[in-house]
Amino acid sequence: MPAPASARRRADWLRAEITRHDHRYYALDDPEIPDAEYDRLVGELRELEQRHPELVRPDSPTQRVGGVPVAGFAEVRHQVPMLSLDNAFTREEVEAFDRRVRERLEARHEIDYACEPKLDGVAIGITWRDGVLEQAATRGDGTTGEDVTHNVRTIRSVPLRLGGRGWPALLEARGEVFLPLAGFAAMNRRAAEQGEKTFVNPRNAAAGSLRQLDPRLAASRPLDVFFYGVGRIEGAQLGDRHSGILEALRSWGLRTAPEARVVRGVDGLLAYYEDLGQRRSGLPYQIDGVVYKVDSLDLQRRLGFVARAPRWAIAHKFPAEEELTTVRAIEWQVGRTGALTPVARLEPVFVGGATVSNATLHNIDELLRKDVRVGDTVILRRAGDVIPEVVRVIPERRPRGTAPVSLPATCPVCGSEVTREEGEAIARCSGALICPAQRKETLRHFASRRALDIEGLGTKLIDQLVDGGLVRSPADLYALRAEDLAALERMGEKSAANLVEALDHSRATTLPRFLYALGIRDVGEATAAALASYFGSLQAIREATPEQIMEVPDVGPVVAGHVHAFFAEPRNEAVIAALLRHGLHWPALPKPAPGATPLAGQTFVLTGRLDSLTRDEAGDRIRALGGKVAGSVSKNTHYVVAGADAGSKLDKANRLGVPILDEAGLLQLLGGA
Ligand code: IVH
């Protein structure tokens, strides 16, 4: 029975409506209706098509997953070859590129360039005939690729039918298929839970997903595409600029990189590179560089190609974030609280813009899970400012005769027993007060910039003082005389006198700094400030019960327990008493009144240079009023305080719509405090 006209009209309407919502949801990240409403539309269309199979059309949103696996990948010959790009790694190479372009064009003016992120994914060419998706092919060798239409159809941001107006009768758009980082992480988490193989990086995961014969697999992975150009085109012209092509693609519902910009001249290129390099680690997808393209299509034609790459474009690569290196040794570091941390000593390697020779392995569980051994070749990752990390071992390159690492039974520094509480990942040296490593770490922390800020008391000197038996606790520092110090190796009279002066200077401090300097477990700067402003005096904190300590904002039972236990320990009390005897002091805090923490619950991010106070001081004052100071901007940030030369944090605040304060605004908020 042929479908009645009303059913046909309804199906057409549903298809158009679902396509429109797909575009809003997947391409614009701006859904208009709740998911349930969307599901209802799809359900209704599916039912109509089941009842009247003649209504099914290949561009129907119900037809994304074809259901049947393909037998193999058919070859696709690219009518317009898919080229690659030359690479530039340095500023000079970019300058040379711009010079070549201008010389060849005999240009007297600066060139306009279209700049885009270089996505780390899989190149794809997707063809729409009369607006309907017909074929998707991988790059292959540039001339012949593989037909992956069945998988690309499952990518929700790829329209099965073009939207907008004026598209050519035949359009092949070129772009990069990729897995956003969040989707990649979720996919690997799921795989790990089910005991399946995890993927090394998003690019491999994207490539692996496209090479599935069964489209249901690709459909279950959150793939996405950014388009960056066109291949074959018939039946229309596309304007005269690359940036115009991107605009046209966008108007037909294809996704392009939001970071794309047109800049002028080589300075514009380098500024773009700088800017994106800074934002790189905050982007939701992996990029390995930026691509510069001469924007004018006419100039592109005049420049032409060499071998397999255009003369009018170049990829400017970022330093690789992952490199191979080998493990020379695995050592155990003993921290301030006795925690044993395994550290891999590595063959130095340049990665993520820095030379790295150490990487933490976090704890014994992590070490055993990754099974890192001395002699192993490992993938080392350093992304942005994140500390370097051993991603995994390359088992194929493991030399013969290696042994798994195990937790030492005794502390490598003092020989005390190593203990590990039930269910805890962290093992600790039980030598507390006799362990020189713990003593040294305690002193380092005590002297550090955000604690008592004792200038000139560095790591080497602390080692000498502890190893020589001159100092056992922070209080001993204040008993040091210039002549004791001058007798030490590599220590002149001048530096000895300077250190005594610095120590003297450090006697005048603040209660939050003093509390932080004590190195109580889990008491960072924020907690120290909160304790100080809640209790008002050291005496009050010493006398507080765990229950009272838990009244402090953001302090839970674990931290309260640590604070209480610290002051209950007679040896700690003895050190504190000695410090006070040596004249450490701080201004009394006003008795806390209700409302003394007007900034409680508010998170600030400080960026740029302030005039009337340093960022540290501003942070101290924010914390004193109960506020928090965070290092990076997120949607949970309440204010970004922007001083002179504020950079990417300010950009991010603008993007997320976080309120921005200038110095005057901050001072006003801090009031008379
Ligand atoms: S343009 C003729 N633009 O990088 C120009 N390529 O070596 C050809 N890629 O496999 C490519 N992001 O898949 C271009 N914004 C971008 C890109 C990009 C990533 C990939 C592309 C190709 C490789 C070039």
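Residue numbers count from 1 along this sequence. Note that ligands are numbered from 1 as they come in the structure, with each ligand's atoms numbered from 1 the same way.
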(message) Could you identify the single nearest non-hydrogen protein atom to atom 10 (O) of ligand 1 and state the distance to 0.1 Å?
(response) A123 CB, 3.8 Å

(message) Can you name the atoms of ligand 1, numbered from 1 with element, that are less than 4.0 Å from a heavy atom of S84?
(response) 7 (O), 24 (C)

(request) Considering only non-hydrogen protein atoms, determine which one is nearest to atom 5 (C) of ligand 1 and report residue, atom name and distance to 0.1 Å. (result) L85 CD2, 3.8 Å

(request) Considering the heavy atoms of P310, write down every atom of ligand 1 situated less than 4.0 Å from one of them. (result) 2 (C)

(message) Could you tell me, atom by atom, which parts of ligand 1 come under 4.0 Å of a heavy atom of E116?
(response) 3 (N), 15 (N), 16 (C)

(message) Aromatic contact between Y285 and F184, with the criterion being ring centroids under 6.0 Å apart: yes or no?
(response) no

(message) For a ring-ring contact (aromatic ring centres under 6.0 Å, His included) check, start with the C-alpha distance between F226 and F178, then their side-chain angles and the critical distance, and finish with the verdict.
(response) CA-CA 8 Å; F226 278 168; F178 64 96; 4.9 Å; yes

(message) Please determine whether the number of non-hydrogen atoms from other residues, nucleotides or ligands lying under 6.0 Å from atom CD of E347 exceeds 12.
(response) yes

(message) Looking at D147 and F73, would you say the former's side chain and the latter's main chain have a donor-acceptor pair under 3.5 Å?
(response) no

(message) On a heavy-atom basis, I'd like to know which of F305, Y292, Y228 is closest to atom 6 (N) of ligand 1.
(response) Y228

(request) Go through ligand 1 atom by atom and flag the ones less than 4.0 Å from a non-hydrogen atom of K118. (result) 4 (O), 12 (N), 19 (C), 23 (C)

(request) For residues V290 and R261, determine if any side-chain heavy atom of one lies less than 4.5 Å from a side-chain heavy atom of the other. (result) no

(request) Considering only non-hydrogen protein atoms, determine which one is nearest to atom 3 (N) of ligand 1 and report residue, atom name and distance to 0.1 Å. (result) K293 NZ, 3.0 Å

(message) Please give me the minimum heavy-atom distance between Y228 and H242, naming the atom from each residue.
(response) O-CE1, 3.1 Å

(request) Look at atom 12 (N) of ligand 1 and say which protein heavy atom is nearest, naming residue and atom and giving the distance to 0.1 Å. (result) L119 N, 3.3 Å

(request) Provide, to 0.1 Å, the distance between atom 8 (C) of ligand 1 and the closest protein heavy atom, together with that atom's residue and name. (result) L83 O, 3.9 Å

(message) Taking a cutoff of less than 4.0 Å between a non-hydrogen atom of the residue and any ligand atom, is R174 in contact with ligand 1?
(response) no

(message) Can you name the atoms of ligand 1, numbered from 1 with element, that are less than 4.0 Å from a heavy atom of P117?
(response) 12 (N), 15 (N)

(message) Taking 4.0 angstrom as the limit and counting only heavy atoms of E176, give me the atoms of ligand 1 inside it, by number and element.
(response) 9 (N), 13 (O), 19 (C), 20 (C), 21 (C)

(request) Just say parallel, tilted or perpendicular for the rings of F305 and W312, cut-offs at 30° and 60°. (result) perpendicular

(request) Would you check if there is a donor-acceptor pair between the side chains of T256 and R250 at a distance under 3.5 Å? (result) yes

(request) Show the numbers, then the answer: is there a side-chain hydrogen bond (donor to acceptor under 3.5 Å, both in side chains) between S209 and R221? (result) CA-CA 7 Å; S209 304; R221 298 183 176 164; 3.1 Å; yes

